[in-house]
Asks: 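If you scroll down you'll find the structure; I have some questions about it.
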Protein chains: 2
Amino acid sequence: MTRGAPVTWTIAQIADDFGVTHRTVRHYEDLGLISPERRGTARIYRRRDRTRLALILRGRRIGFTLDEIRTIIDMYDAPRGQVAQLEYLLSQIGDRRADLEARRRDLDDALAELDSLEARCRDDLDKLDATASVG
Amino acid sequence: MTRGAPVTWTIAQIADDFGVTHRTVRHYEDLGLISPERRGTARIYRRRDRTRLALILRGRRIGFTLDEIRTIIDMYDAPRGQVAQLEYLLSQIGDRRADLEARRRDLDDALAELDSLEARCRDDLDKLDATASVG
DNA sequence: AGTTTCCTTTACGTTTACGTCAACGTCAAG
DNA sequence: CTTGACGTTGACGTAAACGTAAAGGAAACT
């Protein structure tokens, strides 16, 4: 008998799985970022909802607002079909990429500065060490 | 007569230079992120203040809160001298680096997904093109 | 002297992203 | 059948990061 991973989850389960509160999950639903099915009044979440939640949380970690995240998500499941649609989507992708790359440059700059700060620290430590040994 | 860049700036000048409002600059001062000198009641900003403002704005772009930014800035001009201080600072640097690297992973993941989305788009466009030519 | 321009502080308003009750439905266990 | 765990919908509260309006000081044209 095969008993794989569940196919549906409750709000408490996914909140727990993703390390957020159920309030947060419902908030994202209020903003239209997730739309789980309903069994009666209760929400039931499927794999697709988990994927979107993962997207949302990653966007949040990167520093996007929930509104920006919505436009990104919308981008991912925009109706692709006509040439005009596709070309619009491609331009959107270009914008997003430029944004992300700018952020990455900032990030790398910050990391480089951290490195040089660390180097100075180790230098200072070495000097203190030498002094201690000699004196 | 040499007329290089100014040595001091008013709040309006640096706000303009950095593309923020004077209200924002004063807000950062309220939070202790910048502390310009005073000439009477007026604020005068020097190069050091500009450096800090640049740090703050970059941190903001990366997605740090102003509180997190404060701890980072404090890190940069912490009193280095004793071994204990230096070692504490090194541990702080380690934490920050881990944080930044996690963010970069998220960023790279997002960029990779954008790439694959773009590839699918171009693929769809090619197919539509072929259909148009043949049909 | 009067007006403009730039600066100041004080203080309340706003948006985002939730937290936190309150009040109620529902389903399984005891 | 009640208790308890888990779910629901409002609705108000809050912290962060400013915006904005009010009221005024001080230098600098005119």
Asks: Does B/R39 have any salt bridge (Lys or Arg N to Asp or Glu O under 4.0 Å) partners at least two apart in sequence or in another chain, and if so, which?
Replies: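 Residues passing salt bridge (Lys or Arg N to Asp or Glu O under 4.0 Å) with B/R39: none at all.
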
Asks: Check side chain to side chain contact (heavy atoms under 4.5 Å, CB included) between B/D115 and all other residues, then give those that pass, not counting sequence neighbours.
Replies: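 Partners of B/D115 by the side chain to side chain contact (heavy atoms under 4.5 Å, CB included) criterion, ordered by chain and then number, come out as A/R97.
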
Asks: Any ion pair linking B/E37 and B/R43 (charged N to carboxylate O, less than 4.0 Å)?
Replies: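 No, no charged N to carboxylate O under 4.0 Å.
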
Asks: Base, sugar-phosphate, or nothing for B/R39, non-hydrogen atoms under 4.0 angstrom?
Replies: nothing

Asks: Could you tell me from which nucleotide to which nucleotide of DNA chain C, 5' to 3', there is an atom under 4.0 Å from chain B heavy atoms?
Replies: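 With heavy atoms of chain B under 4.0 Å away, the range is C/dC7 to C/dA11.
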
Asks: Would you please test A/V83 and B/L125 for side chain to side chain contact (heavy atoms under 4.5 Å, CB included) and show each step?
Replies: CA-CA 7 Å; A/V83 174; B/L125 266 182; 3.9 Å; yes

Asks: Just grab all the salt bridge (Lys or Arg N to Asp or Glu O under 4.0 Å) pairs involving residues 6-24 of chain A, residues at least two apart or on different chains.
Replies: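 Applying salt bridge (Lys or Arg N to Asp or Glu O under 4.0 Å) to every pair that reaches into residues 6-24 of chain A, excluding sequence neighbours, yields A/D17-A/R50.
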
Asks: Go through the structure and list residues passing salt bridge (Lys or Arg N to Asp or Glu O under 4.0 Å) with A/R122, not counting sequence neighbours.
Replies: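 Applying salt bridge (Lys or Arg N to Asp or Glu O under 4.0 Å) to A/R122 gives A/E118.
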
Asks: Using a strict 4.0 Å threshold on nitrogen-to-oxygen distance, state whether B/D49 and B/R46 make a salt bridge.
Replies: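 No.
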
Asks: Tell me, please, which residues at least two apart from A/D106 pass salt bridge (Lys or Arg N to Asp or Glu O under 4.0 Å).
Replies: B/R61

Asks: Got a sec, which residues hit side-chain hydrogen bond (donor to acceptor under 3.5 Å, both in side chains) with A/R60, two or more places apart in sequence or on another chain?
Replies: A/Y28

Asks: Go through residues 59-74 of chain B and report each residue with a non-hydrogen atom lying under 4.0 Å from DNA chain D, sorted by number.
Replies: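 Nucleic-acid contacts, sorted: B/R60, B/T65, B/L66.
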
Asks: 5' to 3' on DNA chain D, which nucleotides open and close the contacts with chain B (atom under 4.0 Å from a heavy atom)?
Replies: D/dA17 to D/dT20

Asks: So do the side chains of A/I72 and A/F64 get within less than 4.5 Å of each other, counting heavy atoms only?
Replies: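 The answer is yes, as the side chains (C-beta and beyond) meet within the 4.5 Å cut-off.
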
Asks: With B/D109, which residues qualify under side-chain hydrogen bond (donor to acceptor under 3.5 Å, both in side chains), at least two apart?
Replies: none

Asks: Can you list, in residue-number order, the parts of residues 22-35 of chain A that come under 4.0 Å of DNA chain C, counting heavy atoms only?
Replies: A/R23, A/T24, A/H27, A/Y28

Asks: Is there any salt bridge (Lys or Arg N to Asp or Glu O under 4.0 Å) pair reaching into residues 71-88 of chain B, and which pairs are they, with sequence neighbours excluded?
Replies: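 The answer is A/D124-B/R80, B/R52-B/D77.
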
